[in-house]
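Below: one structure, written as structure tokens.
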Amino acid sequence: MMNKDNKNDKIQKIVKKGLTLSLCAVLAGGLAAGSFEGVNRLTGWNEGTTVQAASNNENKLTYAKSEKKADEENDLKSDASKDTSDSSTKATGSMDVSDIVAEALPSIVSITTKSVQEVQSYYGMYGMYGYAPQQEEQEVEGSGSGIIVGKNDDELLIATNYHVVSGADTLSVAFVDGNAVEATVKGFDEEKDLAVVSVSLDDIDSDTMDAISVANVGSSDDLKVGEQVVAIGNALGYGQSVTTGIVSAKNRRMDSSNNTVTDDSSDTGDGVNLIQTDAAINPGNSGGALLNMNGEVVGINSAKLASTEVEGMGYAIAISDVTDILENLMNETTRDKLEDADHGVLGIKGRSVSSEAVQMYSIPAGVFVNEVVEGGAAEKAGLKANSVITKFEGKSVSSIDQLIEYLSYYEPGEEVELTVAVPNGTEYKEDTITVTLDENTDASDSQDTSDDSKKSDRKDKKDDSDAEESDSQDDSQDNSDDDNPFIKYFESQGFFR
């Protein structure tokens, strides 16, 4: 009996260490081209209604009833008994699943992305060293979901996952009536796996506006384990589908750096707060809605645990934990992604700080600045070599690729705010600087790269170190930076990738 108890204890400890998960981003991005054609044309569930603006000046993540529903509710205020009955039904959360779906579907959209990626060609070349596969560019289509969360004077605003829109060259959004329009990424937070997509109201016809509505956002904090939930999303890119289940657990945490999910009931850990559910979360569901039995959005479907030994473990981002983030993204300036030659640059050479350096030696996560280009934007703003860029316009920076992604939405001449960790003896102090971006004079040799080639990292690290050491002889402040034992040790050990 004792051996059995010990065995159970060991199993529980192993489970709590964390489960490797597979994000729907990987699965959604691999859907075959054309799979989106199976979108259901659903009409009549919200006939005659329109989306009401959340605010003319500031977008709020709040429920905006359709004008028709608002008028109907005003007419029914005199009927006290009916109001009492309706509120009682809402309070007990006893809505039928079909009623929930009928009310929620007008606020759910299907998202299709297209991007150009390098893929390995099967038609390689045979040479003196054997078969040499060739790389070629190919257009790849992916699918995901989104939730209509607001509307301003010019745009319809849709919440989704960052991994749904990451790397996309073009976006299109299909509404409940089947009509699809082009969309633009308005803002995103990679660390929280959130993004807001905007659609110009000029591109949406009146019939579609009558068919759609803004989602009713609820409180994920009020959820109880065992409570029934409904998931809606664009599964496999075939169009909206519905699954049901229960809240299996709350306060799960996802660590995006190593793709693990852990229990954090103390609510003090890093990462995204997740709701675990056994409602099926399939590829293409990412960015869709997890609803309670009042028909309110309590989560944004995000990931699933993929394993031959595991079933029924899906995850949704807890909506109450990200309301402020979504509101900030909704109020950002809408930007189009620019070509490499057109977006602004900082005028640095840098590389990502590795997870080993962050975890073992408390180096700040971000982009380590190897070199500041003479006369460039960063130098004019006072950015020094050996600093670590940790935030861009208030958003966390975890890698050089992420920094480049941020920059790809900003034009030369625009001002951006950087948060940097500056070496100060054996520690770092935080500083904020404003940089006016330069033009990218040579897109093929962009200064905001990992020293132009990952293959030459070791050589570049030595060259950069020599250059920084030479510069330090002329600048006492730079000299103190070079003497920083953290910097010198991590450079020599190759902890910067």
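Remember, it's a predicted structure, so these values are computed and weren't measured experimentally.
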query: How about K337: does its NZ atom have over 12 heavy atoms from other parts shown lying under 6.0 Å from it?
result: yes
query: Is a side-chain N or O of Q276 found less than 3.5 angstrom from the main chain of R252, in a donor-acceptor match?
result: no
- prompt: Is a donor on one side and an acceptor on the other found under 3.5 Å between the side chain of D278 and the backbone of I246?
  reply: yes
message: As a quick check of understanding, evaluate side-chain contact (heavy atoms from CB on, under 4.5 Å) for I317 and L194, giving each step before the final call.
response: CA-CA 9 Å; I317 298 172; L194 293 170; 3.8 Å; yes
field: With E414 via salt bridge (charged side-chain N to carboxylate O under 4.0 Å, His left out) - residues at least two apart
entry: R335
query: Would a distance-only check, ignoring hydrogens and angles, find a side-chain to backbone donor-acceptor pair under 3.5 Å from N161 to D193?
result: yes
query: What residue among N292, L290, T277 forms side-chain contact (heavy atoms from CB on, under 4.5 Å) with L223?
result: N292
- request: Go through the side-chain N and O atoms of R351 and N370 and say whether any donor and acceptor fall under 3.5 Å apart.
  value: yes
field: By salt bridge (charged side-chain N to carboxylate O under 4.0 Å, His left out) - contacts of K114 (at least two apart)
entry: none
query: Please walk me through it: do F188 and T160 pass side-chain contact (heavy atoms from CB on, under 4.5 Å)?
result: CA-CA 9 Å; F188 60 89; T160 186; over 6 Å; no
query: Excluding sequence neighbours, so at least two apart, what forms salt bridge (charged side-chain N to carboxylate O under 4.0 Å, His left out) with K395?
result: E332
- line: side-chain contact (heavy atoms from CB on, under 4.5 Å) test vs E393 passes for just one of Y410, Y406, Y409, namely Y410
- line: When T208, D202, D207 are each screened for side-chain contact (heavy atoms from CB on, under 4.5 Å) with I204, the one that passes is T208
Side-chain (N285) to main-chain (S302) donor-acceptor, under 3.5 angstrom: no
task: Indicate yes or no for a side-chain donor-acceptor contact from S198 to the backbone of E155 under 3.5 Å, with no hydrogens or angles considered.
output: no
task: Show your reasoning for whether side-chain contact (heavy atoms from CB on, under 4.5 Å) applies to I300 and I147.
output: CA-CA 8 Å; I300 300 175; I147 308 167; 4.1 Å; yes
message: So does T419 get a backbone contact from the side chain of T390, meaning a donor-acceptor N/O pair under 3.5 Å?
response: yes
task: Check for a donor-acceptor pair, side chain of Q402 on one end and backbone N or O of S398 on the other, with a separation under 3.5 Å.
output: yes
